[in-house]
Amino acid sequence: MQSDLSSKLHVGIIMDGNGRWATRRGLSRLRGHEAGVEAIRRVVEAAPSQGIGTLTLYAFSSDNWRRPKVEVTALMGLLRFYLANEVQALVRNGVRLTVIGRRDRLPNGIAAAIARAEAETADGDALHLRIAIDYSARDAILNAATQVAGFDKLTRETFSELVTGEQNLRDVDLIIRTSGEKRLSDFLLWEGAYAELHFTDRMWPEFDMDDLAEALASFHRRERRFGGLQPVALEDVPSL
Ligand code: IPE
Ligand code: IPE
Ligand code: MG
């Protein structure tokens with residue numbers, strides 16, 4: 001099951017622009033985040049048909065705690081709602097959900113809801129959905145570094161497991177960022193070492209299947225070389 005998915009693409013998405021999408025329409029930022037959840041549903045449903053085996057979505061960064069309390073509370077409420085209402089659909093669609101990032105700072109009950117959702121979806125073999133919450137790539141690397149004492153010979157594979165919390169996680173093939181911003185904002189710095197980058201002006205709440213297909217089409221036109229001189233075919237992409 002794992003190995004099947006890891007032979008398919010790993011796509012990461014920085015889901016940006018919820019707030020601007022809403023304020024441009026005279027709506028509250030919260031309405032933008034709500035519309036963003038709809039976009040998540042669309043993309044999760046469309047991903048397997050686009051050759052995606054692993055989808056990592058950036059939902060809340062560790063730096064997002066800097067936002068006004070009312071917005072953070074609303075985002076946590078949406079997360080609670082998603083976990084309570086989405087699991088059945090994920091199971092039905094064969095989606096395995098895991099959450100990456102810190103859990104110890106989340107409001108009461110959310111860590112338990114995450115653990116339940118992960119357990120209930122554990123058998124999904126159509127898509128591995130990873131949602132990044134209270135996530136910082138630098139913290140993930142730092143955290144791995146604090147665990148390496150005692151390793152005789154540390155390999156990239158071993159360190160990678162510590163960073164990602166997964167065995168055999170495929171490196172990220174493609175990182176998409178919506179809303180016109182062109183930066184990584186502390187997302188998948190280790191796993192994305194050779195990721196192709198796709199930036200689109202589309203705001204996240206309006207991102208749809210066609211946008212995903214366009215991002216994938218642009219990805220498939222790229223020539224990836226991994227430091228060599230020849231283009232490397234997808235099935236030959238080196239790991240680590
Ligand atoms: C992305 O949209 C969602 C989160 C970061 C939680 P934003 O809320 O960053 O929207 P903009 O960038 O302010 O438009
Ligand atoms: C990145 O978006 C984080 C998420 C999409 C969850 P931000 O809106 O927080 O990033 P910056 O502040 O513009 O870099
Ligand atoms: Mg933003």
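Numbering of residues begins at 1 and proceeds along the displayed sequence. Read the numbers this way: they start at 1 and go in the same order the structure lists the ligands and their atoms.
- Only the backbone of Ala59 comes within 4.0 Å of ligand 1, counting heavy atoms alone; no side-chain atom from C-beta on gets that close.
- Heavy atoms of Phe60 found under 4.0 angstrom from ligand 2 belong exclusively to the backbone.
- Residue Arg177 holds the heavy atom nearest to atom 2 (O) of ligand 2 of all those in Arg177, Glu181, Arg183, Arg20.
- Looking only at distances, no side-chain donor or acceptor of Thr158 sits under 3.5 Å from a matching main-chain atom of Leu154.
- Counting heavy atoms closer than 4.0 Å to ligand 1, residue Met15 contributes backbone atoms (N, CA, C, O) but none from C-beta onward.
- Look at Glu181 and the Mg ion (ligand 3): no N/O/S atom of the residue is under 2.8 Å from the metal.
- Here's the thing with Trp21: none of its N/O atoms is less than 3.5 angstrom from an N/O atom of ligand 1.
- No donor-acceptor pair closer than 3.5 Å links the side chain of Ser218 to the backbone N or O of Glu214.
- Counting non-hydrogen atoms of other residues, nucleotides and ligands closer than 6.0 Å to CZ of Arg156 gives a total of 12 or fewer.
- Under the 4.0 angstrom criterion for non-hydrogen atoms, Met203 is not in contact with ligand 1.
- With a heavy-atom cut-off of 4.0 Å, Arg67 touches ligand 1 through its side chain alone.
- Using a distance-only test at 3.5 Å, with no hydrogens or angles considered, no donor-acceptor pair links the side chain of Arg41 to the main chain of Val37.
- Between Arg20 and Glu181, at least one side-chain nitrogen of the basic residue sits less than 4.0 Å from a carboxylate oxygen of the acidic one, meeting the salt-bridge criterion.
- Atom numbering of ligand 1 starts at 1 in the shown order; those under 4.0 Å from a heavy atom of Arg29 are 7 (P), 8 (O), 10 (O), 13 (O).
- No heavy atom of Ser179 sits closer than 4.0 Å to any atom of ligand 1.
- Formation of a donor-acceptor pair under 3.5 Å by the Thr121 side chain with backbone atoms of Val91 is not found in this model.
- Side chains of Glu166 and Thr98 form a contact here, defined as non-hydrogen atoms less than 4.5 Å apart.
- One hydrophobic cluster, built from ILVMFWY side chains closer than 4.5 Å, holds both Ile141 and Phe187.
- Nearest to the Mg ion (ligand 3), among the N, O or S atoms that Asp16 has, is OD1.
- Of the inter-residue distances, the one linking Leu78 atom CG with Leu83 atom CG reads 11.0 Å to the nearest 0.5 angstrom.
- Close approach of ligand 2 to Asp16 (heavy-atom distance below 4.0 Å) involves ligand atoms 2 (O), 8 (O).
- In this structure, atom 12 (O) of ligand 2 has its sub-4.0 angstrom surroundings free of protein heavy atoms.
- Gly19 N, 2.9 Å is the protein heavy atom nearest to atom 10 (O) of ligand 1.
- Checking Asp186, Ile13, Ile131, Leu188 one by one against Tyr58, the side-chain contact (heavy atoms from CB on, under 4.5 Å) holds for a single residue, Asp186.
- Annotation for ligand 1: atoms under 4.0 Å from non-hydrogen atoms of His33 are 3 (C), 8 (O).
- Atom 9 (O) of ligand 2 has its closest protein heavy atom at Asn64 ND2, 2.9 Å.
- At a threshold of 4.0 Å, the pair Glu71-Lys69 does not count as salt-bridged, since none of the basic side-chain nitrogens sits closer than that to a carboxylate oxygen.
- Ligand 2 has a nitrogen or oxygen under 3.5 angstrom from a nitrogen or oxygen of Ser185.
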